[in-house]
There are 2 protein chains.
Amino acid sequence: MIDPKLLRGSLNTIIIKLLSERNEMYGYEITQHVKDITAGEVQLTEGALYPALHRLEGKGILSTELRNVGNRVRKYYRLTEAGKTEVVHQMTAMEDFIKSMQLILNPKLV
Amino acid sequence: MIDPKLLRGSLNTIIIKLLSERNEMYGYEITQHVKDITAGEVQLTEGALYPALHRLEGKGILSTELRNVGNRVRKYYRLTEAGKTEVVHQMTAMEDFIKSMQLILNPKLV
DNA sequence: AAATATACCTAATTTTCTTAGGCATAAGTA
DNA sequence: TACTTATGCCTAAGAAAATTAGGTATATTT
């Protein structure tokens with residue numbers, strides 16, 4: 001299991017990257033998808049995820065649509081136009097971050 | 001400049017990794033060294049660094065020694081035995097984290 | 001003489017997370 | 001049938017750690 005502390009700061013990037021690939025997703029789906037592709041290593045907690053989704057919606061990065069599925073209601077999120085711009089910035093920022101971490105942590109490879 | 005938000009959660013790892021390589025360092029030296037090896041991309045803020053150093057000392061990961069240099073006092077930090085064990089754990093955790101992030105963010109490469 | 005660099009620190013505020021729930025429907029199991 | 005697990009949304013209290021914005025002092029450079 002990935003140390004949740006390391007994940008701090010990366011949650012927004014994860015969310016908008018996934019939404020850039022799949023058009024729309026609902027919250028629970030995001031948690032399951034992340035769990036699947038990381039073989040269970042990354043488990044987003046709902047207490048962190050939902051407030052983060054709400055914040056991104058408040059900032060105009062995401063828009064939502066409620067949809068009935070059977071007797072349940074799902075809240076689908078998708079990127080706004082502003083959100084699509086954000087993806088590019090955040091991905092660049094994440095790549096730069098990882099490169100810097102590798103410079104700091106693997107000095108032998110430099 | 002690296003988005004400071006992405007750095008959240010990685011500060012402890014950076015500190016103890018640097019100390020595992022250089023035996024002892026003082027706070028200001030850590031900020032400068034990180035800035036140097038990342039070509040100015042990562043700039044640790046003192047408001048984050050010093051409290052982090054104090055927390056790590058409080059947990060018994062680091063020990064300190066005050067030393068006079070000219071008319072100034074520097075506070076040198078080094079890893080305790082427990083700290084040396086921690087380095088291994090944290091580095092493994094960081095590698096796992098980066099791998100997971102790459103799974104999430106670069107699905108094409110998988 | 002003034003500005004920058006070195007070197008330590010803290011306190012108020014903000015941000016975000018963890019923890020620990022609550023509510024409800026659907027599906028699987030004993 | 002009853003219970004548990006999965007699905008699916010949410011929030012609130014508290015904790016953790018960052019940002020911001022200082023303070024103090026010596027040393028060096030302009």
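Chain identifiers are assigned alphabetically (A, B, ...) following the order of the sequence lines, protein sequences preceding nucleic acid strands; residue numbering begins at 1 within each chain.
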> For the atom pair NZ (B/K17) and CD1 (A/I104), what is the distance rounded to the nearest 0.5 Å?
Replying inline: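 With rounding to 0.5 Å, NZ (B/K17) is 11.5 Å from CD1 (A/I104).
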> How does protein contact run along nucleotides 9-22 of chain C, one letter per nucleotide 5' to 3', with B for base contact, S for sugar-phosphate only, - for none, heavy atoms under 4.0 Å?
Replying inline: BB-----SSBB---
Between [N] ([atom2]) and [X] ([atom1]): distance, integer Å:
X     : N      : atom1 : atom2 : answer
A/K35 : D/dT7  : NZ    : C1'   : 12 Å
A/M25 : D/dC9  : CE    : P     : 11 Å
A/L66 : D/dG8  : CG    : P     : 14 Å
A/Q32 : D/dT5  : CD    : C1'   : 12 Å
A/D3  : D/dA17 : CG    : P     : 10 Å
B/N68 : D/dT26 : CG    : P     : 13 Å
A/Y26 : D/dC10 : OH    : P     : 13 Å

> For the residue pair B/T80 and B/S63, what are the closest heavy atoms and their distance?
Replying inline: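 Taking B/T80 first and B/S63 second, the nearest heavy atoms are CG2-N, 3.8 Å.
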> Are the side chains of A/S20 and A/K84 in touch, meaning some heavy atoms are under 4.5 Å apart?
Replying inline: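 Counting from C-beta outward, A/S20 and A/K84 never come under 4.5 Å.
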>> Going by side chain to side chain contact (heavy atoms under 4.5 Å, CB included), B/E21 matches just one of B/N23, B/L18, B/L19. Which one?
In response: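 Only one option passes, and that is B/L18.
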>> Assess whether a salt bridge exists between B/E29 and B/R74, defined as any Lys/Arg side-chain N lying under 4.0 Å from an Asp/Glu carboxylate O.
In response: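 No, this pair does not count.
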> Can you list every pair that meets salt bridge (Lys or Arg N to Asp or Glu O under 4.0 Å) and has a residue in residues 51-71 of chain A, with sequence neighbours left out?
Replying inline: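 Listed by first then second residue: A/E24-A/R67, A/E65-A/R67.
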> With respect to the phosphate group of D/dA25, does any side-chain polar atom (N or O) of B/N71 fall under 4.0 Å of OP1 or OP2?
Replying inline: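 Negative; the distance criterion is not met.
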>> Whether B/Y28 contacts C/dA5 is assessed here as follows: a side-chain N or O lying under 4.0 Å from the phosphate OP1 or OP2. Is that the case?
In response: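 It does not, given that no N or O in the side chain of B/Y28 lies less than 4.0 Å from OP1 or OP2 of C/dA5.
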>> Counting the atoms with a prime plus P, OP1 and OP2 as sugar-phosphate, which does B/R72 contact under 4.0 Å by heavy atoms, base, sugar-phosphate, or nothing?
In response: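 Since a base atom lies under 4.0 Å of B/R72, the category is base.
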>> Hydrogens and angles aside, do A/S100 and B/E41 bring a side-chain donor and acceptor to less than 3.5 Å of each other?
In response: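 No donor-acceptor contact under 3.5 Å links the two side chains.
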>> Using heavy-atom distances to pick each residue's nearest nucleotide on DNA chain C, tell me which of B/E29 and A/V69 is more 5'.
In response: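 Going by which nucleotide is closer to the 5' end, it is B/E29.
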